[in-house]
Amino acid sequence: MTTEVDPRVFALETKAISKSFGAVRAVDQLSISIFREWITCIVGPNGSGKSTLINLLSGMLPIDEGIVVIDTVGIRVLKAHETPDHGITRTFQEVRLFDQITVWDNIMVGLTERRLFPSLLERTKPRHEEKAEEILRTVGMWEKHDAMAGDLSYGQRKLLEIGRVMALDVNIYLFDEPFAGLFPRMLERVKAILKEMRAQKRTVIFVSHNMDIVRELSDHIFVLDSGSLLAVGEVDEVLGRSAVIDAYLGH
Amino acid sequence: MALNTQAVGNLLRRRPRFARGNIELWANLVILSWAAAFMLWQGVGFAITVSTVFAIWAILAVSLNLVVGYTGLLSVGHVGFFGIGAYAMAILSSDASYEQLRTEAIPTFGWPFFAALPISVVLAGLVAIVVGVAFNRFRDDIYVLVSFGFAVIAFNLFLNWRPLTRGAFGIHEIARPEIGGWTLNGAFEFLVLALVFLAIVVLISWFIVTSSFGRVLTAIREDEQAIEVFGYQTAHYKLAIWVISAMMAGLAGALFGSWTSFIDPNSFVLLESILLVSIVILGGLATIWGSLLGAMAFVMLEEGMRFLPFLPTEYVGQARQVVLGVLLVLLMLFRPQGLVGKFRL
C-alpha cells in the first residue's frame, strides 16, 4: 500500500506533533507531509486544530511533542522569529496588521534589515521602495500606501496582510483563512496571487471553509477532525468520501 | 449611488484632518509665543533659568518617548535612570575635601565634569541592561507596575544607601563643567552646554526613529507577536531602545546634578516620573517635536503658576500638579493623541 516517497519532494512535514491546552488536545499526534511547490489546503470543522497547526508551524505556539521537518531538516523547537530563516511565513485568521503605521511601512518591515545594529544604520533604499511598490500594486493597494493600516476596510486589511507576507522571500506561505469575508473581486485577486506563488515554485498552505475555492485551487488536501488526520489526498476524491462528508460537509 | 457614498466618505475624512491641523498649529503658536513673551517680560536671568530647566526636561521627555511612544512600553521608572546619572555625577565629581568635612563621609573623587559625564551615562546604561532583561518578560499593564517598582527601589536606594549617597542630606559641591581651565560657572554658558546636549539627544533620536530600526519599534508597539513572525527578535530591539533611552536619562541626570550643584533623593521621587510621562503624552506619542513642545509647556506652566497673584507661594507646588492633572484629564477626554501626536497608547 505505502510507496516509498523521496523526502525531498516534501517542503514541510510534521512527525507526530501534539499540542494540548489543558485537557484539550488541539493537535493530536499529527503527521502530515506537504508537497513542494503545490497548493495544499487544510480543512476541517471549527475546533479541529487548523489554526493551532498553523500556529505551531509558525512558531507562535511551542510544540508539546513531535518534530517539524523543513527541507529535510528536523526541528524540535521552532521559534517565531526564526521561521523566516527556515523559509516559512504566515497570515492570521484575525488580521493582525500594524494599525497605527502606514500601509507603506507595513510592507517595509517585511523588506528591511533584521539584524539589530545594521537596522539602526539602514535607511530605506530604492530597492526596498521598488519592491514595496510592486507588492502594493499586485495586491491593488497602491492608492492607499499613505493611509494608516487601521483606517482600511476589512477586505483591504486582508489584502495588505497578504502583501505583507509577499515582502518576505520565503518558500512556504501559510494562509489562515485568506478568503474569509472578501468581496468577489478581492477574492479573485487573492486566488490569482496564490496561483502566481505556485507558478513561482513556492509552497502554499491555506485554510478555508469555502469549498468552491478549495476545489479550484488545491492540489492536495488534508482534512482534520479533533486534532487528528481524517483524510488526505486529491481534492475531489477526498471531499467525496463519506467520512469527510459526515464530519464536516454534512452540517 | 456609489458617487454619493464616496462624497460623504470624503467629507467625513476631511473634517478631522482639518481640525487636527488646526489644533497642532494653535498648540505650537500658543506655547511658543507664551514662552517667548514670558521670557521677554521676566528678563534674561529668568529666560536662562527656564531654558536650562527646559533643556533637562526635554532630554528626559524625548528619551522617554522612544520607549513609551515609539515602542509602546509605558514605563514610569525613567526617573530612576535620571537619578543614577545625577548620583554618579555627584559622587564622581563632588569636591572631596569639602565632603570629608561632614559627619558622614562618603567616597568622593573630585573628577572633572567631562570625566564623570561619560561614566554617569554608561552606568545608567549598565543598570538599564540588567533591569531591561528582567522587564522584557512583561508587557502592557504589568509593565507599568514593574517600572513603578523600579522607580520606588531606585528612590529608596538613593535615600537609604547612606555610605554612598549620604541619604536625605544629599551631596553638595558637584562640579561645574570645565573646558581646558575655563569653568562654565555662568548660567548662560551652562545653558549653551545643556542645549548642545539636547541637540545631540534629539539628533540621535531622530536618526533612530527614521531608520529601519525605528520602523520595527513602531511595529512592536502595534503587535509584538506579529512582527516576530517576520524574523525580528523583539526582545533585543526592546532592550536596545530601553538602554539607549536610559543612557539619555542618565545624561540629563548628570547635567541636572552639575547645574544645581546639590542633589538629594527628593528630586528623584516617583511623581517626577509621572510628570514626565504626562509631558510625553501631552506633547504626543511618537513625535520628537511633541516632546520638546510638551516639555516647554510644562516648564512654562510650572514657572507661570508662580506669578498668579491670588495664589500664596506655599501652594504653588501643589497647584501646578492639580493644573497638570486637570489638563491631562481634559486632554485624554478630547485629544488622546496629545497636542501634536497621531497615536494612542
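Chain letters run A, B, ... following the sequence lines, proteins first and then strands; every chain starts at 1. Note that the coordinates shown come from a computational prediction; the quantities given were computed from them, not determined experimentally.
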If one checks every heavy atom of A:Glu122 against chain B at 4.5 Å, the contacting part turns out to be both
By residue number, those in residues 219-226 of chain B with heavy atoms under 4.5 Å from heavy atoms of chain A are B:Ala219, B:Arg221, B:Glu222, B:Asp223, B:Gln225, B:Ala226
Within 6.0 Å of CD in A:Glu94, more than 12 heavy atoms from elsewhere | no
Under 4.5 Å from a heavy atom of chain B, the part of A:Phe117 involved = neither
More than 12 non-hydrogen atoms from neighbouring residues, nucleotides or ligands closer than 6.0 Å to CZ on A:Phe183, yes or no?
-> no
Shortest non-hydrogen contact between A:Pro84 and B:Val229, atoms and distance = CG-O, 3.2 Å
Kindly indicate whether the side chain of B:Ser211, heavy atoms from C-beta on, has any atom under 4.5 Å from the side chain of A:Arg123.
-> yes
Stepwise, does the side chain to side chain contact (heavy atoms under 4.5 Å, CB included) test hold for A:Val109 with B:Ile227?
-> CA-CA 8 Å; A:Val109 290; B:Ile227 186 72; 4.0 Å; yes
How about A:Leu121 and B:Phe207: do any of their side-chain heavy atoms sit closer than 4.5 Å?
-> yes
Interatomic spacing from CG in A:Leu120 to CD1 in B:Ile241 - rounded to 0.5 Å = 7.5 Å
Contact origin within A:Arg115 toward chain B - heavy atom pairs under 4.5 Å = backbone
Would A:Arg114 and B:Phe230 count as a side chain to side chain contact (heavy atoms under 4.5 Å, CB included) if you check the C-alpha gap in whole Å, the side-chain angles of each, and the deciding distance to 0.1 Å?
-> CA-CA 9 Å; A:Arg114 260 69 173 169; B:Phe230 288 85; 4.2 Å; yes
Can you tell me how far the CZ atom of B:Arg215 sits from the CH2 atom of A:Trp104, to the nearest 0.5 Å?
-> 9.0 Å
Which of residues 58-76 of chain B have a heavy atom under 4.5 Å from any heavy atom of chain A?
-> none
Is the number of heavy atoms from other residues, nucleotides or ligands under 6.0 Å of A:Arg76 CZ greater than 12?
-> yes
Under a 4.5 Å cut-off applied to non-hydrogen side-chain atoms, are B:Phe343 and A:Met148 in contact?
-> yes
Counting only heavy atoms closer than 4.5 Å, note whether A:Asp85 contacts chain B via side chain, backbone, both or neither.
-> neither
Contact class of A:Leu116 relative to chain B, heavy atoms under 4.5 angstrom = both
Apply side chain to side chain contact (heavy atoms under 4.5 Å, CB included) to A:Ser119 and B:Tyr232, showing your working.
-> CA-CA 11 Å; A:Ser119 77; B:Tyr232 294 95; 5.9 Å; no
A:Lys15 atom NZ: more than 12 heavy-atom contacts under 6.0 Å = no
CD-CD distance between B:Gln337 and A:Gln100, expressed to the nearest 0.5 angstrom = 9.5 Å
Can you tell which of A:Thr83, A:Asp105, A:Ile88, A:Ile101 has the highest number of heavy-atom pairs within less than 4.5 Å of chain B?
-> A:Asp105
Near A:Lys79 NZ, under 6.0 Å, is it more than 12 heavy atoms from other residues, nucleotides or ligands?
-> no
